[in-house]
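Whatever order the structure lists them in is the order used to number ligands and atoms, beginning at 1.
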Amino acid sequence: MTITPQVEETAYEPISEADRQEFHDQGFLLLRNVLTEDHRQRLEDAMDRVYAEEIAAGRGSKDGTVHLLGFLTRDDLFGDLLTHGPVFRYMWGLAGWNIYTHHNHLDVTPPAAEPEKPYWGWHQDGYRQNSDPETMDPNLPRPMFSLKVAYVISDMSETGRGATKVIPGGHLQNSLARPADTKVHNPDPDGTVEITANPGDCFIFDRRLWHSRSTNLSTITRKLLFIGYTYRWIRPLDDMPIDMSSPWWANRTPVQRQLLGEATHTANHWGVNWDGFVDEEIPLRKELRERGLLDRAVPWLR
Ligand SMILES: O=C(O)CCC(=O)C(=O)O
Ligand SMILES: [Fe+2]
């Protein structure tokens with residue numbers, strides 16, 4: 001296993017109230033130095049290998065961009081990121097124990113070959129989650145439903161390197177004014193911030209945060225790893241077939257297997273016979289219970 005005991009331990013340290021409040025108010029958190037340089041380098045090497053495989057298989061776009069959905073199965077290091085201590089504590093701390101990854105992507109974005117045509121990239125994640133839920137009051141924020149971490153692998157410490165742009169605090173607004181003509185260049189919305197970060201940092205964001213990708217105008221290839229977490233009762237977004245006879249699967253911990261969607265039922269983990277009680281064997285719940293981290297006062301940690 002590549003997880004060190006120390007990192008496993010960090011995974012179950014509760015997050016601070018200040019972080020919880022900032023995430024709630026801003027819709028995102030920038031976490032510094034969540035990867036050691038050695039870990040970051042090994043992730044970059046694995047990304048470079050997968051990138052070469054994708055390009056060789058003709059799955060890059062014509063400018064050499066690779067946006068690979070469901071990438072976690074491509075390396076043990078990627079599978080281990082699911083429970084990476086300094087970040088995973090935020091996932092269960094903010095979303096609770098009934099979670100898994102429905103969506104994850106590896107992004108390698110070379111410098112833009114030519115100026116991009118104007119586009120309007122501002123969105124909230126979740127597609128129909130922004131339309132289907134019955135919330136008649138337009139001022140009532142819709143539920144979070146999912147959150148995502150983006151591990152910063154390349155140097156994105158300066159603007160113009162294709163960083164994600166966000167509107168801090170905007171996640172509690174259900175709509176964002178759209179320009180009349182999105183085929184022409186439009187200024188970014190008021191309050192826009194481009195998330196600059198160092199290699200080894202990450203940012204975590206609420207899926208309701210209004211965000212947009214940006215064009216990589218620099219000479220540095222942008223490398224990011226995104227992992228989305230959502231509730232086990234929401235269907236997967238990516239096609240990520242898992243070979244359960246593979247060494248990769250054998251190397252996964254029970255909690256990682258939960259996070260990869262293992263289970264037959266979204267309330268009980270193992271049984272198909274719904275008996276009206278939450279299954280005490282759901283791995284992440286069990287882990288939190290054994291460590292005294294369940295909390296009756298917090299519904300998603302009950
Ligand atoms: O590539 C980016 O900067 C943002 C991508 C995005 O919209 C997302 O991960 O939800
Ligand atoms: Fe998005």
Side-chain angles (χ1 to χ4, degrees), residues 23 26-31 43 47 50-51 54 60-61 63-72 78 81-82 87 90-91 94-95 99 101-112 116 119-131 142-168 170-176 178 182 188-189 192-199 201-218 220-230 234 236-240:
F23 182 79
Q26 302 295 306
F28 78 105
L29 285 173
L30 176 60
L31 305 178
L43 285 166
M47 280 183 91
V50 170
Y51 178 77
E54 291 302 296
S61 62
D63 62 354
T65 294
V66 165
H67 172 62
L68 175 64
L69 296 170
F71 76 98
L72 294 179
F78 299 152
L81 273 187
L82 274 172
V87 174
Y90 286 87
M91 297 303 155
L94 295 166
I99 54 173
T101 180
H102 62 315
H103 176 50
N104 50 81
H105 43 103
L106 173 155
D107 286 273
V108 175
T109 318
E116 228 174 345
Y119 67 94
W120 185 253
W122 289 93
H123 65 283
Q124 295 178 302
D125 287 341
Y127 308 96
R128 291 296 298 179
Q129 290 176 353
N130 298 306
S131 312
R142 290 181 286 258
M144 176 171 74
F145 286 135
S146 76
L147 74 176
K148 220 169 189 182
V149 52
Y151 287 95
V152 178
I153 305 299
S154 60
D155 187 343
M156 301 187 58
S157 58
E158 287 178 27
T159 56
R161 295 184 178 175
T164 310
K165 293 178 178 177
V166 304
I167 306 174
H171 60 304
L172 301 179
Q173 306 293 326
N174 288 337
S175 59
L176 179 71
R178 197 179 165 82
T182 53
D188 284 322
T192 295
V193 168
E194 189 172 328
I195 304 183
T196 51
N198 299 318
D201 294 346
C202 79
F203 55 95
I204 291 174
F205 63 104
D206 180 319
R207 69 137 196 111
R208 299 170 298 182
L209 186 70
W210 289 93
H211 60 280
S212 174
R213 65 181 189 86
S214 70
T215 306
N216 184 1
L217 302 168
S218 75
I220 299 174
T221 295
R222 173 186 101 133
K223 297 177 186 176
L224 286 173
L225 296 170
F226 289 87
I227 306 180
Y229 296 72
T230 196
I234 289 173
L237 212 52
D238 306 333
D239 189 21
M240 188 171 69

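- Counting only N and O atoms by type, the side chains of D63 and T65 include a donor and acceptor under 3.5 Å apart.
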Return all side-chain donor-acceptor pairs below 3.5 angstrom for residues 155-162, not counting sequence neighbours, or 'none' if the list is empty.
residue	atom	partner	partner atom	Å
D155	OD1	S157	N	2.9
D155	OD1	S157	OG	2.6
D155	OD1	R161	NH1	3.2
R161	NH1	D155	O	3.1

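- Without hydrogens or angle criteria, D201 side chain to L30 main chain gives no donor-acceptor distance under 3.5 Å.
- Put simply, the residue from F78, F71, F226 that forms a ring pair (Phe, Tyr, Trp, His ring centres under 6.0 Å) with H105 is F226.
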Expected rows: ligand 1 N/O, protein N/O, dist below 3.5 Å:
residue	atom	partner	partner atom	Å
ligand 1	1 (O)	R222	NH1	3.4
ligand 1	1 (O)	R222	NH2	3.0
ligand 1	3 (O)	T164	OG1	2.6
ligand 1	3 (O)	R222	NH1	3.1
ligand 1	7 (O)	H123	NE2	3.0
ligand 1	7 (O)	H211	NE2	3.1
ligand 1	9 (O)	H105	NE2	3.4
ligand 1	9 (O)	K148	NZ	2.7
ligand 1	10 (O)	D125	OD1	3.2
ligand 1	10 (O)	D125	OD2	2.9
ligand 1	10 (O)	K148	NZ	2.8
ligand 1	10 (O)	H211	NE2	3.1

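- Annotation: side-chain contact (heavy atoms from CB on, under 4.5 Å) contacts of P168 (sequence neighbours excluded): Q26, F28, V166, V193.
- Of the possible polar contacts, none joining the T182 side chain to the Y119 backbone as a donor-acceptor pair under 3.5 Å is found.
- Protein N/O/S atoms nearer than 2.8 Å to the Fe ion (ligand 2) total 3.
- Between the side chain of S146 and the backbone N or O of T230 there is no donor-acceptor pair closer than 3.5 Å.
- Under the 3.5 Å distance criterion, the side-chain polar atoms of H123 are matched with a main-chain donor or acceptor of H211.
- At distances below 3.5 Å, at least one donor-acceptor pair connects side-chain atoms of R207 with backbone N or O atoms of D125.
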